[in-house]
Enquirer: 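Structure below; questions to follow.
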Amino acid sequence: MTATSDPASRMPEKPSIDGLEDKWGARWEAEGVYRFDRTKTRAEIFSIDTPPPTVSGTLHMGSVFGYAQTDSLARYQRMRGRELFYPMGWDDNGLPTERRVQNYYGVRCDPAIPYDPDFTPPEKPGKEQVQISRPNFVELCLRLTAEDEKQFEALWRRLGLSVDWTQTYTTIGPESQRASQRAFLRNLARGEAYSAEAPTLWDVDFRTAVAQAELEDRETPGAYHRILFPSDHGEAVAIETTRPELIPACVALVAHPDDDRYKNRFGTTVRTPLFGVEVPIKAHHLADPEKGSGIAMICTFGDVTDVTWWRELDLPVRTIIGRDGRILAAPPQDVPADGAWAELTGKTAKQAQKRIVELLAESGALVGEPKPITHPVKYFEKGDRPLEIVSSRQWYIRNGGRDAELREALLARGKELTWQPSHMQARYDNWVGGLVGDWLISRQRYFGVPFPVWYPVGDDGEPRYDEPILADEAALPVDPSADVPAGYDESQRGKPGGFVGDLDIMDTWATSSLSPQIAGGWETDPDLFDRVFPMDLRPQGPEIIRTWLFATVVRAHFEHGGLPWRDTSINGWVLDPDRKKMAKSKGNVVTPLPLLEEYGTDAVRYWACSGRPGTDTAVDFGQMKVGRRLAIKLLNASRFVLGLPYDDERASAAEITEPLDRAMLARLAGVVAEATTAYDAYDYARALERTEAFFWEFCDDYVELVKNRAYDEAAAPSAAKALRLALSTLLRLFAPTLPYATEEIWSWWQDGSVHRAPWPDAAELRAAGGSGADPLLLEVAAAALGRIRKAKSEAQQSMRAPVSEAVVRDTAERVAALAQARGDVMNAGVVASLVIEEGEPEVLVTLAPSPA
RNA sequence: GGGCGAGUAGCUCAGCGGUAGAGCGCCGCGCUUACAACGCGGAUGCCGGGGGUUCGACACCCUCCUCGCCCACCA
C-alpha cells in the first residue's frame, strides 16, 4: 500500500458527500476501473449473470434495491482479487416494449400494410391509433428503446454499479437474435422443441398466445346461470355456467361417473337451448358433484378443464370466439346461422353474454335469476381481459411439464444450484413440480426474435407445417418474413409451390433464458465463453424464479448438460414505505432518481444493503438518512484521523505496542473475519452491519480514548500507526456498500482506487499488533469512559469538565484489562485520579468543583 | 386446499440455547481542538398465544392465531 505523506493537502476543509457521484463516476470510466480483463483464467474470474431490466418505462425502487445488493457483492469479489465479468443487458424485445410504443406514439402494428420509408410518427398520440407496417413499428420500437436504454444506463451509473459498460447487450440485438435462433434450431434438432396445433391460452387484446408462467388469477365478478338443456330422451337437464355465451360452443355435458342423479343419462343426448344442437352426456371423474347442479357444460373452450375433457373424451370442436375476442361470423358445425347465432355474431364475449341471457330468458331456458358471484379467472399478467382458449399452431420447448423423467432431471438441477437464501429453492421445486404442459415460446407479435423457419407451400396453396425449412446456423440471424430460404427466391413467397416465412416471434424469456450464453459469447467467442461459463452467480428477484431462472436452467440443461451458474442469490421484494399513507397521498410513486439526489447514492445503497438477503424490505427514508449520516461521518472521521500528526519514517520503524491500540486491532481483525465470511455467503447485510457497529465504536470510543495520545505522535507513534491502519481497513470494508465516500477518502492519502485495493486480511491486522491482544480491553475502557460521560451528563456538565477522582470496581479480569488503558481513560475523561480495583462492579465519579 | 416466509421497543428491523439488542423517533445534557445537517447520556419490551424438550428457550420441537407471497381450485 502506498501512502501519501501529506493527506492534508488533498483533504477539503469541510468534506461533503454531495457531488461525489459525478466526480468519481467520470474518473472510474476514464480510468477503466471496472473494465473486464479477459486475459484472466476461469479460476481468477467471477462472472455474474446480471438481470437485463425490462426497458419499457422507468426503473423503480425494486430494481435499485436488488442491483445495489448485487453490486456490493461484485465489489467485494473484485477486492478479493477476482476479475469481474459483470455485464449489463437490456431486455428490450417483447410485449412490454410494443405496448409502450403503441401508447407513446399512438400507433398500432398491422402486418398487412407495406413499409413506408417516409413514415414519421405523430408529435402527440392521437385519439385514433395510426395503423403502421411491421417494419415501421419495429423501427419505432428500436428508436424508443435506444432512448430508454440511455436513461437506464445513466441511472445505473449514478447508482454506482461497477459493471463494465463495454460489455452490454440487448435482447433484440443481433447477438441475442443469433444465439436465440441457434439455440432454438439445436433444441429442434434434438427434439427438445416442437410445434403443435392445440388449444392455447390466448389474449384477445394483444392477440397472442401466452405461456403458463405468464398467467395470473384475478377475482372477477360473474354470475351463475342455471340453464335447461331439453332432451329427446327424457326430462331437461339443468346445468350452471358462468359463461352462457358459450352455449353454441357446447360439445357435451359431463357428470361424475358415480353421480346417481345422472348415471342413467350417460350415453344419451340433450339439445343446446336456442341452437338445438344434439350433444352427448358423458362421465368423467373431474366433474364435481358438489358444484352447481353437478353436471357441467363442456365448451371449446371455456377453461382449461374443458380442454382436458375435450381431449380425454375425444370430443369435436365448435369454435365460436375469434382471435379478436369476438363471436365469429360463421357458426360452428351443426349450429344454424340464422336465429340466435345472428344475434351474437360480431359481439365481444361480454356483449354476447348479455344478449344470450335475454334470449334464454325469453325462451324459458333460463331458470331463475343469474346469481352474482366473484370467482378467480385466468388473465395474462399484462392483460386487461380474461384469457380465451383458441386452437392454434405454436412452438413449444419441453420443460418437464409432460415428461416425468425430464421433470426429475430439472428438479435435480435445482438441487445442484446453491440458493441464497436457501428457502427460495422451494419456489423452484413447487413450480417445476406443478407444471402441466410444455413451455409455449411462440408469440403472435412483432418486436422480437423471429423463428428461423419457413414452410413450403403446397400446390394447394397450403403451408406444410410439418416440413419446416430451417435456416443454416451460419446465416443467423435471419428474418423469415424478409429473408428467403435456400433454393427459393423472393417471387415464390406465398405462392403455390413456393414458401412462406414463420411470422411468429419468440417469447422474451426464450431469449433472456440465454443471457449467460449471449453475454458470454457462446459460439461466437469461444475463448471468452470458456473463461466465464458456467457463471458464478445469478442474482435476481423472487417473482421470476418460475420464468427467467427456470428457463435459463432448462436451456443450459439441454445445450450444455449442466447448470448455467453455480449460485443464485434471490433478493427480497420492496414494499411501499407506508401503504396507508401512500393511498392517501394521491398516487405518490417512489422513483429512484429523486432519492439518489436527495440522500446521495451511498445513502440509498446503504438502505438497499441493509435489507437482508431474500427479505422483503420497505422503502425506508429513515434508513437512507442513516446511510447519509454514516457516509458524512466517515468523511469527517477520516479527515480527523488523517489530520493527526504522522511521520512516515517514524511510523514505518515503529511498532503498534500500546495495549489499547492492539486491543482495537484485535477487535477489528474479528470484524474483518466476520465480514469476509458473510460476504462469501452473499450476506452483504451482515457484513455491513458488523462493519458499521465497529465503526461507531471506533469513533465514539477508540478515537476519543487515544485522541490526546495521538496528538503527541513523536512520543508515541503506536496510536498514529494504529489509527491509519484501522482507517484503511474500515474504508475497504465499507467500499462495497459506500463506493463514493470511501473512494473520495481513499484519494486523500492512497494511490489508485479503493475498489481495486485488496480486501482487508484479519491475519495482517493480527500481525500488525492485534495478535494476542484481548478486545476486552477496548470494551472495558469504553465502558469506563461511558460511566464518566454519564456522570457529567447527569451533572449537566460539559464533556470536557474535569473529574477529580474516578473509582472503577469490577471483576479481576476486567480490572486487569482496564489497568492497561489507564492513561487513555484518564486523558479522554479528563480524570485527575483514577482508582481501579477489584470488587462489586460500580463506577464512582467525583467531578472537580466548577471553576464558576 | 398445498407450499414458503414473517410476527422482538412507538416505527424499521437484528439476534436464533447462556444477564433482551441497534437505528429512527422520544426525553435530558452539551458548541468538546473531526463532525451542531453534530456529540454525549437516558427511558421504553408477558421476544404473537398455548404446550413440550432442557439446569437454562426469543432461539429447538409440537400446536394454534395473525399477516405477506407463491401455487392449486375456476362448470
Side-chain angles (χ1 to χ4, degrees), chain A residues 11 13-16 215-217 219-220 222 224-225 227 239-244 246 250 253-255 286-288 290-299 302-306 309 373-378 386 421 423-431 433-436 542-543 545-546 572-573 575 577-578 607 610-612 614-623 625-630 632-644 685-686 689-690 692-693 696 699-700 703-704 707-708 711 785-801 828 830:
Chain A
M11 292 192 293
E13 261 311 297
K14 182 118 180 129
S16 163
L215 305 184
E216 67 183 33
D217 286 354
E219 283 295 329
T220 306
Y224 281 122
H225 303 75
I227 292 162
I239 61 108
E240 286 197 5
T241 179
T242 55
R243 300 204 60 186
L246 292 181
C250 179
L253 300 191
V254 65
L286 276 183
D288 183 353
E290 302 294 312
K291 274 186 189 157
S293 58
I295 188 162
M297 146 176 108
I298 303 174
C299 306
D303 61 34
V304 289
T305 319
D306 279 347
W309 282 326
I373 54 153
T374 319
H375 62 153
V377 173
K378 286 202 191 306
H423 67 79
M424 289 294 180
Q425 197 198 323
R427 300 198 185 203
Y428 178 93
D429 292 345
N430 286 349
W431 177 253
L435 287 169
V436 294
E543 76 285 7
I545 290 173
R546 68 178 186 173
W573 195 248
L575 309 169
D578 182 340
W607 160 74
S610 300
R612 254 57 201 176
T615 301
D616 295 349
T617 303
V619 173
D620 186 345
F621 306 117
Q623 277 297 95
K625 258 182 231 172
V626 172
R628 182 175 174 85
R629 196 180 66 131
L630 174 65
I632 293 170
K633 181 82 175 178
L634 194 56
L635 289 170
N636 282 319
S638 301
R639 197 173 76 93
F640 178 65
V641 167
L642 294 175
L644 288 166
R686 176 179 294 259
E689 181 195 83
R690 297 304 150 98
E692 186 188 8
W696 288 105
C699 291
D700 297 346
V703 171
E704 291 299 325
K707 222 181 216 180
N708 291 312
Y711 279 123
L785 180 61
R787 299 309 295 254
I788 292 163
R789 282 170 178 161
K790 185 178 176 182
K792 292 178 184 180
S793 183
E794 282 170 350
Q796 306 195 354
Q797 298 269 310
S798 149
M799 288 300 122
R800 298 211 64 207
V830 203

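This is a predicted model, so every value here is computed, not measured. In what follows, chains are A, B, ... by sequence order, proteins preceding strands, each numbered from 1.
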Enquirer: Could you please name the option among B:rC73, B:rC35, B:rC40 that lies closest to any side-chain atom of A:Asp217?
Expert: B:rC73

Enquirer: Rounded to whole angstrom units, what separation is found between the CE atom of A:Met11 and the C1' atom of B:rC35?
Expert: 13 Å

Enquirer: Out of B:rC24, B:rG3, B:rU32, which nucleotide sits closest to the side chain of A:Arg800?
Expert: B:rU32

Enquirer: Using whole Å, report how far CD of A:Glu704 lies from P of B:rC35.
Expert: 11 Å

Enquirer: Look at the side chain of A:Arg686 and the backbone N and O of A:Arg612, then say whether any donor-acceptor pair between them is shorter than 3.5 Å.
Expert: no

Enquirer: Please report the distance separating the C1' of B:rA6 from the corresponding atom of B:rU12, rounded so that it comes out in whole Å.
Expert: 14 Å

Enquirer: Whole angstrom is fine here: how far is it from CD in A:Glu692 over to C1' in B:rC13?
Expert: 12 Å

Enquirer: Atom NZ of A:Lys707 and atom P of B:rU33: how far apart are they, to the nearest Å?
Expert: 8 Å

Enquirer: What interatomic distance, in whole Å, is found between C1' of B:rA20 and the corresponding atom of B:rC58?
Expert: 8 Å

Enquirer: Can you tell me, in whole Å, how much space there is between the P of B:rC61 and that of B:rU53?
Expert: 15 Å

Enquirer: Give the minimum heavy-atom separation between A:Gly611 and A:Ala685, together with the two atoms involved.
Expert: O-CB, 3.9 Å

Enquirer: Base, sugar-phosphate alone, or nothing: which one does A:Ala685 contact when heavy atoms must sit under 4.0 Å apart?
Expert: nothing

Enquirer: P atom, B:rG30 versus B:rG7: distance in rounded Å?
Expert: 41 Å

Enquirer: Only Watson-Crick and G-U wobble pairs, only distances under 3.5 Å, only runs of 3 or more: what stems does that leave for RNA chain B?
Expert: B:1-7 with B:65-71, B:10-13 with B:21-24, B:26-30 with B:38-42, B:48-52 with B:60-64

Enquirer: In whole Å, measure the gap between the P atoms of B:rA22 and B:rG15 for me.
Expert: 15 Å

Enquirer: Which nucleotide in the list B:rG3, B:rA34, B:rG5 gets nearest to the side chain of A:Ala426?
Expert: B:rG3

Enquirer: To the nearest Å, how far apart are A:Ile788 CD1 and B:rG39 P?
Expert: 21 Å

Enquirer: For A:Tyr428 and B:rG3, is the shortest distance between a side-chain N/O and OP1 or OP2 below 4.0 Å?
Expert: no

Enquirer: Quick one: is A:Arg789 getting a side-chain N or O under 4.0 Å of the B:rG39 phosphate, OP1 or OP2?
Expert: no

Enquirer: Judged by each residue's nearest nucleotide on RNA chain B, which is more toward the 5′ side, A:Glu689 or A:Gly292?
Expert: A:Glu689

Enquirer: In Å, rounded to the nearest 0.5 Å, how long is the span from SG of A:Cys250 to CD1 of A:Ile239?
Expert: 7.5 Å

Enquirer: Across the strands shown, which category fits A:Cys699 at heavy-atom distances under 4.0 angstrom: base, sugar-phosphate, nothing?
Expert: base

Enquirer: Please check if the side chain of A:Lys792 supplies one atom and the backbone of A:Met799 the other of a donor-acceptor pair under 3.5 Å.
Expert: yes

Enquirer: By the 4.0 Å heavy-atom rule, please label A:Val377 as base, sugar-phosphate, or nothing.
Expert: base

Enquirer: Select from A:Met424 and A:Gly622 the residue whose nearest nucleotide in RNA chain B is closer to the 5' end of that strand.
Expert: A:Met424

Enquirer: Yes or no on side-chain contact (heavy atoms from CB on, under 4.5 Å) for A:Leu246 and A:Thr241, after CA distance, side-chain angles and deciding distance?
Expert: CA-CA 9 Å; A:Leu246 292 181; A:Thr241 179; over 6 Å; no

Enquirer: Figure out the CD1/P separation between A:Ile632 and B:rA36, and round it to whole Å.
Expert: 11 Å

Enquirer: Look at the side chain of A:Ala618 and decide which nucleotide, out of B:rU12, B:rA34, B:rC73, has an atom nearest to it.
Expert: B:rU12

Enquirer: Over all heavy atoms of both residues, which pair between A:Pro542 and A:Gly572 is shortest? Give the atoms and the distance, please.
Expert: CD-O, 4.3 Å

Enquirer: Could you list, one pair per line, each protein nitrogen or oxygen that sits under 3.5 Å from a nitrogen or oxygen of nucleotides 25-30 of chain B, together with the distance?
Expert:
unit_1 : atom_1 : unit_2   : atom_2 : d
B:rG28 : N2     : A:Ser793 : OG     : 2.9

Enquirer: Just checking A:Thr305: base, sugar-phosphate only, or nothing, at a heavy-atom cut-off of under 4.0 Å?
Expert: sugar-phosphate

Enquirer: Considering only the C1' atoms, how many Å lie between B:rA9 and B:rG21, rounded to the nearest integer?
Expert: 10 Å

Enquirer: Have a look at A:Asp429 and say if it touches a base, only the backbone sugar-phosphate, or nothing, with a 4.0 Å heavy-atom cut-off.
Expert: nothing

Enquirer: Please tell me if A:Lys633 has a side-chain N or O lying less than 4.0 Å from either OP1 or OP2 of B:rG39.
Expert: yes

Enquirer: Is a side-chain donor or acceptor of A:Thr617 paired with a backbone partner of A:Thr615 at a separation under 3.5 angstrom?
Expert: yes

Enquirer: Within this structure, what is the CZ-to-P distance between A:Arg427 and B:rA72, rounded to whole angstrom?
Expert: 14 Å

Enquirer: What closest approach, in Å, do A:Asn708 and A:Ala828 show between heavy atoms, and which atom pair accounts for it?
Expert: ND2-N, 4.1 Å

Enquirer: I need the minimum non-hydrogen distance between A:Met297 and A:Asp306, along with the two atoms involved.
Expert: O-OD1, 3.9 Å

Enquirer: Please answer whether the main-chain N or O of A:Ala618 pairs with a side-chain N or O of A:Trp607 as donor and acceptor at a distance below 3.5 Å.
Expert: yes

Enquirer: From CZ of A:Arg690 over to P of B:rC13, roughly how many Å is that when rounded to an integer?
Expert: 19 Å

Enquirer: B:rG50 and B:rA57: how far apart are their C1' atoms, nearest whole angstrom?
Expert: 15 Å

Enquirer: Sticking with atom P, work out how far B:rU33 lies from B:rG45, rounded to a whole angstrom.
Expert: 37 Å

Enquirer: For B:rA43 and A:Lys790 - does any side-chain N or O of the residue sit under 4.0 Å from the phosphate oxygens OP1/OP2?
Expert: no

Enquirer: Within 45° of the ring axis of A:Tyr224 and under 6.0 Å from its six-membered ring centre, is that where the NZ or CZ of A:Lys291 lies?
Expert: no

Enquirer: Closest approach of A:Val377 and A:Pro386, non-hydrogen atoms and distance?
Expert: CG1-CB, 3.7 Å

Enquirer: Can you tell me which nucleotide in B:rU12, B:rA34, B:rA14 comes closest to the side chain of A:Asp620?
Expert: B:rU12

Enquirer: Please tell me which of the listed nucleotides, B:rC73, B:rA34, B:rA14, lies nearest to the side chain of A:Arg612?
Expert: B:rA14

Enquirer: For a side-chain contact (heavy atoms from CB on, under 4.5 Å) check, start with the C-alpha distance between A:Val703 and A:Phe640, then their side-chain angles and the critical distance, and finish with the verdict.
Expert: CA-CA 10 Å; A:Val703 171; A:Phe640 178 65; 3.5 Å; yes

Enquirer: Using a 4.0 Å heavy-atom cut-off, does A:Arg686 contact any base of the nucleic acid, only the sugar-phosphate backbone, or nothing at all?
Expert: sugar-phosphate

Enquirer: Where the side chain of A:Trp696 is concerned, which of B:rC73, B:rA37, B:rG39 is the nearest nucleotide?
Expert: B:rG39

Enquirer: If you compare every side-chain N and O of A:Arg629 against the phosphate oxygens of B:rC24 (OP1, OP2), does one of them come in below 4.0 Å?
Expert: yes

